[in-house]
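Taking it in order: structure first as structure tokens, then the write-up.
Heavy atoms only: backbone and side chains are in, while hydrogens, waters and symmetry mates are out. Model, not experiment: these values are computed from the prediction. A, B, ... follow the sequence lines: proteins, then strands. Residue 1 opens every chain.
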There are 2 protein chains.
Amino acid sequence: MEQYNAYSFLLDRTARRVKQYAQYQFNCREFGITVDQWAILKNLKQYADLSQKELAEYCGKDQPTLTRIVDLLVGKKLVERRIHPTDRRSFIVHLTAAGDQKIEALSNSVNEIRMQAWQNLNEADFEHLKRILNTIYTNLELDNGNTSIDG
Amino acid sequence: MEQYNAYSFLLDRTARRVKQYAQYQFNCREFGITVDQWAILKNLKQYADLSQKELAEYCGKDQPTLTRIVDLLVGKKLVERRIHPTDRRSFIVHLTAAGDQKIEALSNSVNEIRMQAWQNLNEADFEHLKRILNTIYTNLELDNGNTSIDG
DNA sequence: TAATAATAATTAGTATGACAAATATATGGA
DNA sequence: TCCATATATTTGTCATACTAATTATTATTA
């Protein structure tokens, strides 16, 4: 049964390495943002204006973490908070022109950096990995619906 | 090429969920330590006295992080720092009797908790996962010149 | 041997992650 | 309408990462 400890460790270690490698490359190339901040920008680009709660769900962050990342992005003038038209508790997070330009400027480089981790793996491997990771995620599901990623 | 971003996200999200679930169970059962602290204790049990640098490598932590986790474990009297016999820059981290008892007391429960993530997967899945994660880890090895731990 | 470089550990600073609590607002029921 | 409850966000606290810099010590080398 000790083996499950080892798998958990391996998973944790690999995820940290992937993130750490990407962040290292971001820093070397002076992108001026973190990997997690990039994920926020990308989601805003894809889904347009979102409330912070929605954005947190898309990005897989909890709300306090998202609040703080948005604070940093606002400080960098890459996004801005707008008043929600019907709910005064809520903000709409909006990508600024500078934010949009940042995405345009970095997209290709980010894709290159991300690709590095996945060398020497084939399509069957990717399918295995997606299935296994989604199984693990579902095994530990708290009470949300099915949030498996397929693509 | 965007797919690699999605894989990276999936990996990160799954690793976080696995750790978060384990920590949640640790808290519910009032183990009094974190998942990462547990990993340190287990490595000390397995490899006996180690310098902090060695311990960091075995645990896949960097040295500043390890220093702080050891600080916390020292505060809980589960480990102690001992003078290195031949190198005065270095400490030996030693498991106390209380640390040893903690391991004995929690091992079965930790194994149960860890097992939860790996339901609905078979031996072939584990072999795939280990191979794929190790491939990713190796893919990112050179650029940072960091430690490689055999999984 | 003296100067220099390398190493182990620590400290400092920033970012993320988890959880709890506080605040303001919205919603639903009596 | 009033009140209890739910929700969106923020704030606080602790722990983990990563980087850079500092300190003390060891190793190297001119």
Between [X] and [N], is there a contact of a side-chain N or O with OP1 or OP2 at under 4.0 Å?
| X | N | answer |
| --- | --- | --- |
| B/Thr67 | C/dT10 | yes |
| A/Gln37 | C/dT16 | yes |
| B/Arg81 | C/dT10 | yes |
| A/Gln63 | D/dT9 | yes |

The single option from A/Val79, A/Leu78, A/Val74 passing side-chain contact (heavy atoms from CB on, under 4.5 Å) against A/Lys76: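 Result: among A/Val79, A/Leu78, A/Val74, A/Leu78 is the only option passing the side-chain contact (heavy atoms from CB on, under 4.5 Å) with A/Lys76.
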Length of the line joining A/Asp87:CG and C/dT27:C1', which is rounded to integer Å: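 One finds 10 Å between C1' of C/dT27 and CG of A/Asp87, rounded.
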Distance-only donor-acceptor test, B/Arg88 side-chain atoms vs D/dT25 base atoms, 3.5 Å: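 No, no donor-acceptor pair under 3.5 Å.
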Base C/dA12 paired with B/Arg68 side chain (donor-acceptor, <3.5 Å):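 When only heavy-atom distances are counted, B/Arg68 does reach the base of C/dA12 through a donor-acceptor pair under 3.5 Å.
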CA sep, side-chain torsions, deciding dist, call: B/Lys53, B/Glu57, salt bridge (charged side-chain N to carboxylate O under 4.0 Å, His left out): CA-CA 6 Å; B/Lys53 182 177 175 54; B/Glu57 281 167 10; 3.7 Å; yes
cation_pi(A/Arg17, B/Tyr137) dist<6.0 Å, angle<=45: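 Yes.
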5′-ward residue of the pair A/Arg89/A/Ile69 relative to DNA chain C: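 So the residue in question is A/Ile69.
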Pairwise 5' ranking along DNA chain C for B/Glu54 and A/Lys76, keeping only the more 5' one: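 Final value for this comparison: B/Glu54.
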Nearest to side-chain heavy atoms of A/Gln20, which nucleotide of D/dT9, D/dC18, D/dT25: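 Looking only at heavy atoms from C-beta outward on A/Gln20, the closest nucleotide is D/dC18.
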Pair partner, D/dA6 [Watson-Crick or wobble, under 3.5 Å]: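 Pairing partner, where one exists within any strand: C/dT25.
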